[in-house]
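In what follows, every chain begins at residue 1, and chains take the letters A, B, ... in the order their sequences are listed. Heavy atoms only: backbone and side chains are in, while hydrogens, waters and symmetry mates are out.
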4 protein chains.
Amino acid sequence: MLDDAMDFKEQMVEARRTQILMGAAQVFAKKGFHRATTKEIARQAGVAEGTIYNYFDNKRDLLMAMVEMLATRSIKVTILEDPSDDPKEFFSLLLHDRYQLLKDYGHIMAPMIAEIFSDPDLREAIYQSILMPVADPIEQYIQRRIDSGEFKPVNPIVITRALIGSIVLNTAFQLSGVDPRYEMISVEAMVDQIVDMFLAVTKK
Amino acid sequence: MLDDAMDFKEQMVEARRTQILMGAAQVFAKKGFHRATTKEIARQAGVAEGTIYNYFDNKRDLLMAMVEMLATRSIKVTILEDPSDDPKEFFSLLLHDRYQLLKDYGHIMAPMIAEIFSDPDLREAIYQSILMPVADPIEQYIQRRIDSGEFKPVNPIVITRALIGSIVLNTAFQLSGVDPRYEMISVEAMVDQIVDMFLAVTKK
Amino acid sequence: MLDDAMDFKEQMVEARRTQILMGAAQVFAKKGFHRATTKEIARQAGVAEGTIYNYFDNKRDLLMAMVEMLATRSIKVTILEDPSDDPKEFFSLLLHDRYQLLKDYGHIMAPMIAEIFSDPDLREAIYQSILMPVADPIEQYIQRRIDSGEFKPVNPIVITRALIGSIVLNTAFQLSGVDPRYEMISVEAMVDQIVDMFLAVTKK
Amino acid sequence: MLDDAMDFKEQMVEARRTQILMGAAQVFAKKGFHRATTKEIARQAGVAEGTIYNYFDNKRDLLMAMVEMLATRSIKVTILEDPSDDPKEFFSLLLHDRYQLLKDYGHIMAPMIAEIFSDPDLREAIYQSILMPVADPIEQYIQRRIDSGEFKPVNPIVITRALIGSIVLNTAFQLSGVDPRYEMISVEAMVDQIVDMFLAVTKK
DNA sequence: TATGAATGAGATTTCATTCAT
DNA sequence: TATGAATGAAATCTCATTCAT
């Protein structure tokens with residue numbers, strides 16, 4: 001078979017995978033993993049139920065594939081690859097980016113997170129593919145500033161998790177609507193407040 | 001019927017409810033809500049499957065009842081009712097207490113949290129029964145210090161969620177074993193680090 | 001044991017049986033046999049669930065006992081024992097009596113009739129205890145008039161079933177409300193119409 | 001999709017529906033509605049249990065579908081659409097036809113009738129689909145003859161129900177074997193006897 | 001004898017997965 | 001490769017019956 005044909009075929013396969021994955025994401029977001037049926041996923045994706053199994057081994061495999069997909073999107077954070085020298089700018093860009101990611105893909109991530117608790121393999125995959133790629137560069141950024149004497153000698157591991165936990169929980173409230181007071185808090189103010197906190201503890 | 005007999009019967013009912021609830025908690029923790037079967041819950045609780053339904057309307061009701069149970073345990077935080085004047089002591093006691101709660105009941109809370117995403121009623125119940133009773137007093141504590149000029153004019157809502165998000169995510173890593181470096185970090189050090197952060201941003 | 005005590009005890013037992021039977025009749029009437037639960041029957045009868053089983057072998061036994069109970073009530077038809085010489089009066093009294101019986105006990109009989117189709121023993125019991133005691137005297141009444149030359153030589157068996165079928169179906173419509181036109185038809189008119197029919201075919 | 005393919009598919013679906021419906025009819029006839037299990041219905045129909053639910057929403061839906069099926073068969077009574085001018089012929093054909101229907105489908109109708117008492121929707125459906133299509137034309141036939149002076153001014157509603165009740169109860173005895181004397185009564189004689197009765201009351 | 005909590009068999013229904021077309 | 005009907009295991013829940021008190 002010619003390479004061109006091969007490529008074309010591979011692209012078709014990839015396109016179909018994505019098509020199914022998007023359908024699954026929609027349904028998982030609405031129903032959660034367990035209540036989502038393959039029938040509804042197939043309908044949402046515009047394929048037959050059996051077709052799903054030509055591209056994925058089983059229903060759980062859809063979840064694992066979604067982790068990969070999100071990982072790909074998530075890695076594109078140039079903020080981390082070429083971070084600003086100004087810590088305020090760095091943290092601010094970072095938190096805004098994470099807020100945006102959660103806003104755009106939070107509904108996709110939620111059902112994955114839900115399964116974390118009962119699926120060790122998925123837990124590991126999410127940790128490796130999604131959390132570590134973000135946390136590691138932040139830790140290193142903090143460590144470098146500590147080494148250069150610019151930052152106080154904080155624990156980068158703990159502080160990085162605190163940073164992520166802070167933005168995640170605040171964003172969750174911002175988006176869930178469970179606390180009406182969050183309607184009065186702009187994203188800017190929210191991010192600024194968290195950035196200030198991290199600068200206060202880190203900057204000398 | 002005599003009051004004594006009444007009380008005795010009520011106690012029996014309560015004991016049996018708790019027995020079933022504990023069985024459910026075990027299985028939910030191991031399998032998650034959906035993969036946990038009533039058959040296994042019954043076996044774990046040491047009762048027949050049908051007996052579950054003499055005490056709970058349905059499987060989901062077990063989850064709701066667990067929220068109530070946790071709420072009761074959670075509310076007993078005297079730290080919040082009569083908080084220390086020393087902010088460092090206050091935050092430190094608070095975070096240790098939350099760490100302990102997550103350590104003791106995290107495996108019970110996890111499957112509840114997982115269902116949050118696809119069950120609005122449960123979400124509201126958890127917010128009202130578990131999160132608000134802790135968050136509100138903290139917010140008020142911070143607000144009072146701001147009013148008295150002791151704290152900087154931070155946003156108590158955002159800061160409180162940041163505090164909770166920080167301890168929750170760090171505790172999750174501490175307990176999950178997903179990141180081996182957490183074995184080197186003592187709980188003391190972890191809590192101190194987060195407390196320092198909050199003092200840095202709040203204290204003048 | 002003294003006879004008096006014996007009698008008293010027997011009366012108590014009989015009273016309790018009737019109490020339970022009445023509760024069962026209520027619930028059977030509302031839910032049908034299968035959807036009626038022993039729990040609800042017990043509540044309706046004002047006894048505990050277990051008590052039912054001290055007086056009846058099982059749930060189906062309640063239905064059989066109800067047949068007996070209705071048979072007792074049904075037999076008290078003096079119209080049949082000492083029938084009027086005037087056929088018009090005889091048929092008229094008879095049909096009014098049957099209408100009244102169906103009105104009073106139709107809701108109790110309905111669930112029994114429903115089970116007739118799948119329970120041969122019950123079918124036989126109802127035939128022997130309820131239908132035959134009424135049908136036989138009517139057949140004999142007709143046969144006697146035929147023999148005396150007062151009636152035409154009709155088939156008493158067929159005619160008797162026709163008579164019963166006529167009053168039963170008309171009463172069913174009269175009571176069920178499924179056909180609103182029956183609201184305009186008085187019971188008198190209905191009975192008269194059916195009586196006329198039987199006189200027309202029988203009387204010379 | 002081509003029309004042919006469409007038609008073929010529709011036919012397959014219809015065939016499978018009928019196949020399941022027939023299985024259900026068999027089991028309902030033998031056990032009654034409630035004692036019939038989906039497992040046995042599936043076995044009788046030669047499909048898997050789950051397949052039933054691809055064609056019917058639930059078990060009760062099978063009963064409703066059977067009403068429809070019977071209604072279709074029942075309506076084909078040309079006797080009613082183009083009735084004979086001779087009342088004797090009309091009633092005779094009609095009763096023979098009803099006898100035949102009960103003989104052929106009585107076992108299917110019985111469990112439906114049993115549920116009538118506890119299922120108002122089913123009651124209404126049976127009335128509308130099965131009873132009214134037969135009763136209405138008969139009433140109109142009688143009314144027309146009354147208007148033309150050929151019949152006496154009887155009540156067509158009551159008389160029609162009497163007619164139906166008469167044939168139904170007699171047929172029930174004829175087919176059930178509960179009364180051995182019915183073995184001596186030919187269907188001809190039975191029908192003739194009932195026809196005579198209706199002619200006696202109606203014809204001038 | 002009365003109770004009612006406990007039982008567990010059994011019923012209905014769902015749905016991931018297979019496979020013939 | 002795509003389809004979707006068929007499958008049947010498995011899950012939740014009900015409820016007649018038992019039995020210790």
Side-chain angles (χ1 to χ4, degrees), chain A residues 9 12-13 16 20 33-43 45-62, chain B residues 1 5 8-9 12-13 16 20 34-43 45-62, chain C residues 9 12-13 16 20 33-43 45-62, chain D residues 1 5 8-9 12-13 16 20 34-43 45-62:
Chain A
K9 195 178 152 189
M12 287 299 292
V13 166
R16 190 49 71 92
I20 293 168
F33 177 69
H34 289 280
R35 278 193 251 271
T37 66
T38 49
K39 187 186 281 279
E40 190 172 356
I41 291 168
R43 191 174 51 225
V47 299
E49 238 179 317
T51 305
I52 294 172
Y53 290 85
N54 290 332
Y55 294 87
F56 300 92
D57 282 349
N58 49 46
K59 193 181 159 189
R60 181 175 167 277
D61 199 26
L62 285 167
Chain B
M1 206 185 289
F8 178 71
K9 194 180 149 192
M12 288 298 293
V13 166
R16 191 48 70 94
I20 293 168
H34 289 281
R35 275 193 253 270
T37 65
T38 49
K39 188 185 283 282
E40 190 172 355
I41 291 168
R43 192 174 50 226
V47 298
E49 230 177 324
T51 304
I52 294 172
Y53 291 88
N54 290 336
Y55 294 86
F56 300 92
D57 283 348
N58 49 48
K59 193 181 157 190
R60 183 174 168 278
D61 199 26
L62 283 168
Chain C
K9 197 178 153 190
M12 287 299 292
V13 165
R16 190 49 73 94
I20 293 168
F33 177 69
H34 290 280
R35 277 193 251 272
T37 65
T38 49
K39 186 187 282 280
E40 190 171 355
I41 291 168
R43 190 174 52 228
V47 299
E49 238 178 316
T51 305
I52 294 173
Y53 290 85
N54 290 331
Y55 293 88
F56 300 92
D57 283 349
N58 49 46
K59 193 182 159 189
R60 180 175 167 278
D61 200 26
L62 284 168
Chain D
M1 204 185 288
F8 177 72
K9 195 179 150 192
M12 287 299 291
V13 166
R16 191 48 69 92
I20 293 168
H34 289 282
R35 276 193 252 270
T37 65
T38 50
K39 189 184 282 282
E40 190 172 355
I41 291 169
R43 191 173 50 227
V47 297
E49 235 177 320
T51 304
I52 295 172
Y53 291 87
N54 290 336
Y55 294 86
F56 300 93
D57 284 347
N58 48 48
K59 192 181 159 189
R60 182 174 169 278
D61 200 26
L62 283 168

Contact class for [X] vs. all strands (heavy atom < 4.0 Å): base, sugar-phosphate, or nothing?
{"X": "A:R60", "result": "nothing"}
{"X": "D:A42", "result": "nothing"}
{"X": "D:T37", "result": "sugar-phosphate"}
{"X": "A:R16", "result": "sugar-phosphate"}
{"X": "C:F56", "result": "nothing"}

Starting from [atom2] on [N], measure out to [atom1] on [X] and report it in whole angstrom.
{"X": "D:R43", "N": "F:dG8", "atom1": "CZ", "atom2": "P", "value": "13 Å"}
{"X": "C:H34", "N": "F:dT14", "atom1": "NE2", "atom2": "P", "value": "18 Å"}
{"X": "A:E49", "N": "E:dC19", "atom1": "CD", "atom2": "P", "value": "15 Å"}
{"X": "D:M12", "N": "F:dG4", "atom1": "CE", "atom2": "P", "value": "15 Å"}
{"X": "D:I20", "N": "E:dT12", "atom1": "CD1", "atom2": "C1'", "value": "15 Å"}
{"X": "C:K39", "N": "F:dT18", "atom1": "NZ", "atom2": "P", "value": "16 Å"}
{"X": "B:K9", "N": "E:dA6", "atom1": "NZ", "atom2": "P", "value": "11 Å"}
{"X": "D:I52", "N": "E:dT12", "atom1": "CD1", "atom2": "C1'", "value": "10 Å"}

Between [atom1] of [X] and [atom2] of [Y], what distance do you get to the nearest 0.5 Å?
{"X": "A:I52", "Y": "A:D61", "atom1": "CD1", "atom2": "CG", "value": "11.5 Å"}
{"X": "A:F56", "Y": "A:T38", "atom1": "CZ", "atom2": "OG1", "value": "13.5 Å"}
{"X": "A:F33", "Y": "A:R60", "atom1": "CZ", "atom2": "CZ", "value": "8.0 Å"}
{"X": "B:R16", "Y": "B:N54", "atom1": "CZ", "atom2": "CG", "value": "9.5 Å"}
{"X": "C:I41", "Y": "C:E49", "atom1": "CD1", "atom2": "CD", "value": "9.0 Å"}

Go nucleotide by nucleotide along DNA chain E from the 5' end; which of D:D57 and C:Y55 gets its closest nucleotide reached first? C:Y55
Any strand, both distances under 3.5 Å, Watson-Crick or G-U wobble: E:dA20 pairs with F:dT3
For E:dG10, which nucleotide is its Watson-Crick or G-U wobble mate, given both distances must be under 3.5 Å? F:dC13
Which heavy atom of B:A42 sits nearest to which heavy atom of B:A48, and what is that distance? CB-C, 3.8 Å
Of the nucleotides [options], which one has an atom closest to the side chain of [X]?
{"X": "D:A48", "options": "E:dA6, E:dA2, F:dT7", "value": "F:dT7"}
{"X": "C:Y53", "options": "F:dA5, E:dT13, F:dT17", "value": "F:dT17"}
{"X": "A:K59", "options": "E:dA16, F:dG8, E:dT12", "value": "E:dA16"}
{"X": "B:N58", "options": "F:dC13, F:dG4, E:dA5", "value": "F:dC13"}

Please confirm whether the shortest side-chain N or O distance from B:T38 to OP1 or OP2 of F:dT12 is below 4.0 Å.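 So the side-chain polar atoms of B:T38 do come within 4.0 Å of the phosphate oxygens OP1 or OP2 of F:dT12, strictly under.
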N/O (side chain, A:N54) to phosphate O (OP1/OP2, F:dT1) under 4.0 Å: no
Toward the 5' end of DNA chain F, which comes first, B:T51 or D:V47, by nearest nucleotide?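 Per heavy-atom nearest nucleotide, the more 5' residue is D:V47.
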